[in-house]
Asks: 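One structure is given below, represented as structure tokens, and several questions about it will come after.
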Amino acid sequence: MVAPAVKPPVVIGLDVGGTKILSGLVDREGNVLEEREAPSPGTSEGEVLAALDAAVEALLDARVVAIGYGIPSNIERGSGKILWATNLPLTNVELRSRSQDRFGLPVGIENDASAAALAEWTLGAGKGTANLLMLTLGTGVGGGIVVDGRLFRGWVELGHLVVQEGGSECTCGGHGHLEVLASGSAADVVARDLYGADADAHALVARAKAGDAAARAALACIGGTLGAAIGSLVNVFDPELVVVGGGFGAAAGALVLEPAREAARREAIYPANEKLRIVPAQLSRAGLVGAGLVGFEAVDGLR
């Protein structure tokens, strides 16, 4: 008798956002074997936790050896406590210990953009580098940093860098943050100003790609702000590579990346101003894959 093939272990990865929860079964190579999407309720902590539990339960089977969460929040080192989430009603939540108790599995938790950076560094555009910076442009702006071959475990709230002192108010209560000026939400605001109340970032990008001068100028302005922030970060971390991802980042593409490259080179000090590389992300589901890798780190005792 031939023994049946043993399916490899997988983890459940959850890429949690302000509007949706993307969950999936992920193997060690970053393959997503099954995937689900559900709305992310934003009205109460209880509803968000119930939605996360439901996303896990829908995928849980005998192959699953851990759970990994990518959460848009600042996270307490060591404990994995969610201190505060910008776009979700989660404050001082012990999600890791709660999930361990509920499901009896190792649990890893990481900021969602840091999880995406982990995926791009391990399997995507940054594979083979030791020092990497990633920014994700979506509804907001997130980021992740790899230094000397290790993911930096700090808050890494790159979207909350101040790039315009006294500028517009951010969702966090600060002013002039990168998130206000270089995100999909920022593009929404510009689109409404240019084309009316029904316009959004999608319309702005579409018009720019069709040759609309005002739309192209608006995206170039967003790219310039992004590049100025990248130049400052390069002067601190000296990465080999800067990766730009996220839904808005991918949609806008070169319309934002080219002016970002120009601005970053103006602000970066020598020799970074000459050798700096800014490239688009390669993984379409970097957040989900990264959450899965965080789960495997929990299995391996790295969290």
Asks: Rounded at 0.5 Å granularity, tell me how far CG in Leu283 sits from CH2 in Trp121.
Replies: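 Here the interatomic distance stands at 14.0 Å.
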Asks: Write down the atom of Val107, the atom of Ser99, and the distance for their closest heavy-atom approach.
Replies: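 Looks like CG2-CB, 3.8 Å.
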Asks: Count I, L, V, M, F, W, Y as connected when their side-chain heavy atoms are under 4.5 Å apart, and connections chain through other members. Are Leu194 and Leu219 then in the same cluster?
Replies: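 Leu194 clusters together with Leu219.
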Asks: How about Ile71 and Asp112: do any of their side-chain heavy atoms sit closer than 4.5 Å?
Replies: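 Ile71 vs Asp112: side chains apart.
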Asks: If you define the side chain from C-beta out and look only at heavy atoms, does anything of Arg285 sit under 4.5 Å from Glu35?
Replies: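 Yes - at least one pair of side-chain heavy atoms lies under 4.5 Å apart.
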Asks: Of all the heavy-atom pairs spanning Leu105 and Ala66, show the shortest one and how long it is.
Replies: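 Taking every non-hydrogen atom into account, CB-CA, 4.2 Å.
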Asks: Would you say the side chain of Leu151 lies within less than 4.5 Å of the side chain of Arg153, judging by non-hydrogen atoms?
Replies: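 Side-chain contact under 4.5 Å: yes.
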Asks: Taking the side chain as C-beta and beyond, is there a heavy-atom pair between Ser23 and Arg36 under 4.5 Å?
Replies: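 The answer is yes; the side chains approach within 4.5 Å.
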Asks: On a heavy-atom basis, which atom in Leu59 and which in Leu25 lie closest, and how many Å separate them?
Replies: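 That closest heavy-atom pairing would be O-CD2, 3.7 Å.
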Asks: Rounded to the nearest 0.5 Å, how far does SG of Cys170 lie from CG of Leu178?
Replies: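 Rounded to the nearest 0.5 Å, the CG-SG separation comes to 9.5 Å.
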Asks: May I ask you to test the Val56-Leu14 pair for a side-chain heavy-atom distance under 4.5 Å?
Replies: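 Answer yes - side chains close enough.
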Asks: We want to know whether Glu76 and Ser79 form a side-chain donor-acceptor pair, criterion being a heavy-atom distance below 3.5 angstrom.
Replies: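 Looking only at side-chain atoms, Ser79 and Glu76 do form a donor-acceptor pair, the distance falling under 3.5 Å.
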Asks: Checking the side chain of Arg216 only, and the main-chain atoms of Ala208 only, is there a donor and an acceptor separated by less than 3.5 Å?
Replies: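 Such a contact is found between Arg216 side chain and Ala208 backbone.
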Asks: Find the distance between CG (Leu132) and OG1 (Thr122) and round it off to the nearest 0.5 Å.
Replies: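 Rounded to the nearest 0.5 Å, the CG-OG1 separation comes to 9.5 Å.
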Asks: If you compare all heavy atoms of Leu181 against all heavy atoms of Gly176, which two are closest, and at what distance to 0.1 Å?
Replies: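 Looking at all heavy atoms of both residues, the closest pair is CD1-O, 4.3 Å.
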Asks: Apply the test side-chain contact (heavy atoms from CB on, under 4.5 Å) to residues Val26 and Val10: give CA-CA distance (whole Å), side-chain angles for both, the deciding distance (0.1 Å), then the verdict.
Replies: CA-CA 5 Å; Val26 183; Val10 296; over 6 Å; no
Asks: Show the numbers, then the answer: is there a salt bridge (Lys or Arg N to Asp or Glu O under 4.0 Å) between Glu274 and Arg265?
Replies: CA-CA 7 Å; Glu274 295 183 356; Arg265 291 189 178 111; over 6 Å; no
Asks: Minimum heavy-atom separation for Pro72 to Gly17, with atom names?
Replies: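 For Pro72 versus Gly17, the nearest heavy atoms are CG-CA, 4.4 Å.
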Asks: Tell me if a side-chain donor or acceptor on Asn31 pairs with a main-chain N or O of Leu33 at a distance below 3.5 Å.
Replies: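 No: the side chain of Asn31 does not pair with the backbone of Leu33.
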Asks: Following the transitive rule for hydrophobic clusters with a side-chain heavy-atom cut-off under 4.5 Å over Ile, Leu, Val, Met, Phe, Trp and Tyr, establish whether Val205 and Val189 coincide in one cluster.
Replies: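 No, no single cluster joins them.
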Asks: Between the side chains of Asp101 and Arg96, is the shortest nitrogen-to-carboxylate-oxygen separation below 4.0 Å, so that they form an ion pair?
Replies: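 No, Arg96 and Asp101 are not salt-bridged.
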Asks: If you round to the nearest 0.5 Å, how far is CD of Glu47 from OG of Ser40?
Replies: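 Going from the OG atom of Ser40 to the CD atom of Glu47 covers 10.5 Å.
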Asks: As a quick check of understanding, evaluate salt bridge (Lys or Arg N to Asp or Glu O under 4.0 Å) for Asp27 and Arg63, giving each step before the final call.
Replies: CA-CA 10 Å; Asp27 67 16; Arg63 296 172 295 165; over 6 Å; no
Asks: Side-chain atoms of residues 134-150: list all donor-acceptor pairs with protein atoms under 3.5 Å, sequence neighbours left out, distances to 0.1 Å.
Replies:
unit_1: Thr136; atom_1: OG1; unit_2: Gly142; atom_2: N; d: 3.4

Asks: If you define the side chain from C-beta out and look only at heavy atoms, does anything of Ile21 sit under 4.5 Å from Asp15?
Replies: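 They are not in contact (no side-chain heavy atoms under 4.5 Å apart), so the answer is no.
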Asks: Of all the heavy-atom pairs spanning Ala119 and Leu293, show the shortest one and how long it is.
Replies: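 Looks like CA-CD1, 3.9 Å.
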Asks: Quick one: are Ser232 and Leu161 in side-chain contact, heavy atoms under 4.5 Å?
Replies: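 Of all side-chain heavy-atom pairs linking Leu161 with Ser232, none is under 4.5 Å.
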Asks: Which value, rounded to the nearest 0.5 Å, describes the distance between Ser185 atom OG and Glu179 atom CD?
Replies: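 Between Ser185 OG and Glu179 CD, I get 7.0 Å after rounding to 0.5 Å.
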Asks: Please write out which residues are connected to Leu83 in a hydrophobic cluster, directly or through intermediates, given that two of Ile, Leu, Val, Met, Phe, Trp, Tyr count as joined at side-chain heavy-atom separations below 4.5 angstrom.
Replies: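 Hydrophobic cluster check, Leu83: joined to Trp155.
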Asks: Spell out, as yes or no, whether a donor-acceptor pair under 3.5 Å connects the side chain of Ser97 to the backbone of Glu94.
Replies: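 A pair under 3.5 Å: yes.
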Asks: Could you tell me whether Lys127 and Glu120 make a salt bridge, using a distance below 4.0 angstrom between a side-chain N and a carboxylate O?
Replies: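 Here Lys127 does not pair with Glu120 in a salt bridge, since their nearest N and O are not under 4.0 Å apart.
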Asks: For residues 235-252, which side-chain donor-acceptor pairs fall under 3.5 Å, sequence neighbours excluded?
Replies:
unit_1: Asn235; atom_1: OD1; unit_2: Ile269; atom_2: N; d: 2.9
unit_1: Asn235; atom_1: ND2; unit_2: Gly231; atom_2: O; d: 3.3
unit_1: Asn235; atom_1: ND2; unit_2: Glu267; atom_2: O; d: 3.0
unit_1: Glu240; atom_1: OE2; unit_2: Ala130; atom_2: N; d: 2.8
unit_1: Glu240; atom_1: OE2; unit_2: Asn131; atom_2: N; d: 2.9

Asks: Do Asn111 and Tyr69 meet the criterion of a side-chain donor-acceptor pair at a distance under 3.5 Å?
Replies: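 Checked: Asn111/Tyr69 side chains show no N/O donor-acceptor pair below 3.5 Å.
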Asks: Do Phe103 and Val64 share a hydrophobic cluster, counting only Ile, Leu, Val, Met, Phe, Trp and Tyr and linking them when any side-chain heavy atoms are less than 4.5 Å apart?
Replies: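 Yes: a chain of side-chain contacts under 4.5 Å links Phe103 to Val64.
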Asks: Can you get from Trp84 to Leu90 by hopping between Ile, Leu, Val, Met, Phe, Trp and Tyr side chains that sit under 4.5 Å apart?
Replies: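 Looking at the clustering, Leu90 is in a separate group from Trp84.
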Asks: Do you know which of Asn74, Val93, Leu88 makes side chain to side chain contact (heavy atoms under 4.5 Å, CB included) with Ile82?
Replies: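 By the side chain to side chain contact (heavy atoms under 4.5 Å, CB included) criterion, Ile82 pairs with just one of Asn74, Val93, Leu88: Val93.
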Asks: List the steps, then state whether side-chain contact (heavy atoms from CB on, under 4.5 Å) holds for Ile278 with Ile230.
Replies: CA-CA 9 Å; Ile278 302 176; Ile230 289 173; 4.0 Å; yes
Asks: Any salt bridge between Asp53 and Arg102, counting N to O under 4.0 Å?
Replies: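 Between Arg102 and Asp53 there is a salt bridge, with a charged N closer than 4.0 Å to a carboxylate O.
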Asks: To the nearest 0.5 angstrom, please state how far the CZ atom of Arg192 sits from the CG atom of Leu204.
Replies: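 Reported value, rounded in 0.5 Å steps: 11.5 Å.
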Asks: Do you reckon Phe296 sits in the same ILVMFWY cluster as Leu288, going by side-chain contacts under 4.5 Å, direct or chained?
Replies: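 Both belong to a single hydrophobic cluster.
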Asks: Check whether any side-chain heavy atom of Leu118 lies under 4.5 Å from a side-chain heavy atom of Val289, and answer yes or no.
Replies: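 Result no, sub-4.5 Å side-chain heavy-atom pair not found.
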